[in-house]
Amino acid sequence: MRATYIDHSGFWIEGEHHRLLFDYYQGELPTPDPAKALSVFASHHHPDHYVAEIYRYGERTPGTRYYLGCDITLNAANRQKMCVTDEIFSRCDRMHKDDVLTRDGVTVRALRSTDMGVAFYVTCEGRHIYHAGDHNLWLWREDASFDRAQIDRFYEEIEKLRGLPIDAAFLPLDPRLGEEYWRGFDAFVRLLEPKIVFPMHMVEDYDIIARMKALPCSRPYRGRIADIRRSGDGFEI
């Protein structure tokens, strides 16, 4: 399979028979291929992870399935706003933590996020893929009172994946966290040992990858961190 960086937390993964689109909100999408099943994921409702375009794009591939974080509400008003027809709606699954679904050769497990919505653990064509959405250690200096509960929830969720294979992990590496930017990324990789790790949510500060690799903590795994420099960069997984 091949993973392509689109923008922010958006990634495109293509296999022999399946295509997977994660947390798209802007950037160039590939030409639809009706010969391959398409699964679209939106981890939560924040506008940098979820836009109406996913429905318009998805409908260019027959039978597209949509996996949506539990905080995404598709009531009548929102369906009209997001251009979700009854046919599209019938192929949408809202996922809560610990939900597991198998559709068209794709198995999806949801984990509770430390922010909004969920993270996804996806098995497709023999590959095991984790997309964090906004599940991370968001250790903001001005909100220290929240840190303990958030740290506990972060580890409680990723602990559920201990011992499971992860061929590719897509993890936030956000420079806005200041000196704490590396903690969630490092904790996940050390505990679960994914084969390749894709930084995301970098707010276009791609140099943060080099800074992460320069930290002593990353020595055991820095060779597994994907060097993303621009939209369209692709990697084998």
Side-chain angles (χ1 to χ4, degrees), residues 3 5-11 22-27 42-50 69 71 97 111-121 129-162 166-231 233 235 237:
Y5 172 67
I6 302 174
D7 190 271
H8 196 55
S9 296
F11 285 86
F22 289 92
D23 278 21
Y24 174 82
Y25 96 103
Q26 66 179 16
S43 62
H44 62 290
H45 77 276
H46 288 167
D48 58 338
H49 294 258
Y50 174 62
D71 64 315
K97 73 166 188 172
L111 292 83
R112 182 187 180 191
S113 175
T114 48
D115 192 356
M116 303 297 295
V118 299
F120 297 108
Y121 177 76
I129 298 157
Y130 173 82
H131 190 285
D134 270 358
H135 187 56
N136 190 29
L137 286 176
W138 298 108
L139 303 178
W140 304 103
R141 288 292 189 183
E142 65 272 21
D143 194 20
S145 62
F146 180 65
D147 288 357
R148 184 69 262 164
Q150 182 187 174
I151 291 169
D152 290 345
R153 191 162 83 237
F154 175 82
Y155 281 103
E156 178 183 351
E157 290 302 302
I158 66 172
E159 186 68 31
K160 296 173 183 178
L161 300 179
R162 186 189 287 270
I166 300 179
D167 295 290
F170 301 83
L171 308 176
L173 194 63
D174 194 320
R176 298 173 302 167
L177 287 167
E179 295 179 359
E180 309 298 327
Y181 77 91
W182 59 276
R183 293 191 180 277
F185 189 97
D186 176 73
F188 185 97
V189 179
R190 283 179 174 273
L191 182 66
L192 299 177
E193 300 185 340
K195 292 181 180 178
I196 184 169
V197 193
F198 294 87
M200 62 181 190
H201 217 281
M202 297 174 286
V203 293
E204 299 187 359
D205 179 6
Y206 300 113
D207 291 339
I208 197 172
I209 298 176
R211 298 198 297 275
M212 183 73 218
K213 288 187 172 187
L215 292 177
C217 68
S218 71
R219 185 185 302 276
Y221 59 80
R222 61 180 56 139
R224 290 180 273 144
I225 302 175
D227 280 312
I228 296 171
R229 304 306 303 172
R230 64 188 63 83
S231 178
D233 282 354
F235 307 83
I237 61 174

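All figures in this text were calculated on a predicted structure; none of them were measured in a lab.
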Closest contact, heavy atoms only, Ala132 versus Pro172 = CB-CD, 3.7 Å
Taking NZ, NE, NH1 and NH2 as the nitrogens, is one of them in Asp207 or Arg229 under 4.0 Å from a carboxylate oxygen of the other?
-> yes
With Asp71, which residues qualify under salt bridge (charged side-chain N to carboxylate O under 4.0 Å, His left out), at least two apart?
-> none
Arg219: partners by salt bridge (charged side-chain N to carboxylate O under 4.0 Å, His left out), with sequence neighbours left out = none
Which class fits the ring pair Phe170 and Phe198: parallel under 30°, tilted 30 to 60°, perpendicular over 60°?
-> parallel
Do Tyr206 and Arg230 touch side chain to side chain, with heavy atoms closer than 4.5 Å?
-> no
Heavy-atom side-chain proximity of Pro175 to Val203 below 4.5 angstrom = yes
NE2 of His8 to CG of Asp23, rounded to nearest 0.5 Å, is 8.5 Å
Residues Arg153 and Glu156 bridged, charged N to O under 4.0 Å | no
Enter the distance from Trp182:CH2 to Arg211:CZ here, rounded to the nearest 0.5 Å.
-> 14.5 Å
Is Asp205 salt-bridged to Arg176, going by a charged N under 4.0 Å from an acidic O?
-> no
Taking the six-membered ring for Trp, are Trp140 and Trp138 parallel (under 30°), tilted (30 to 60°) or perpendicular (over 60°)?
-> parallel
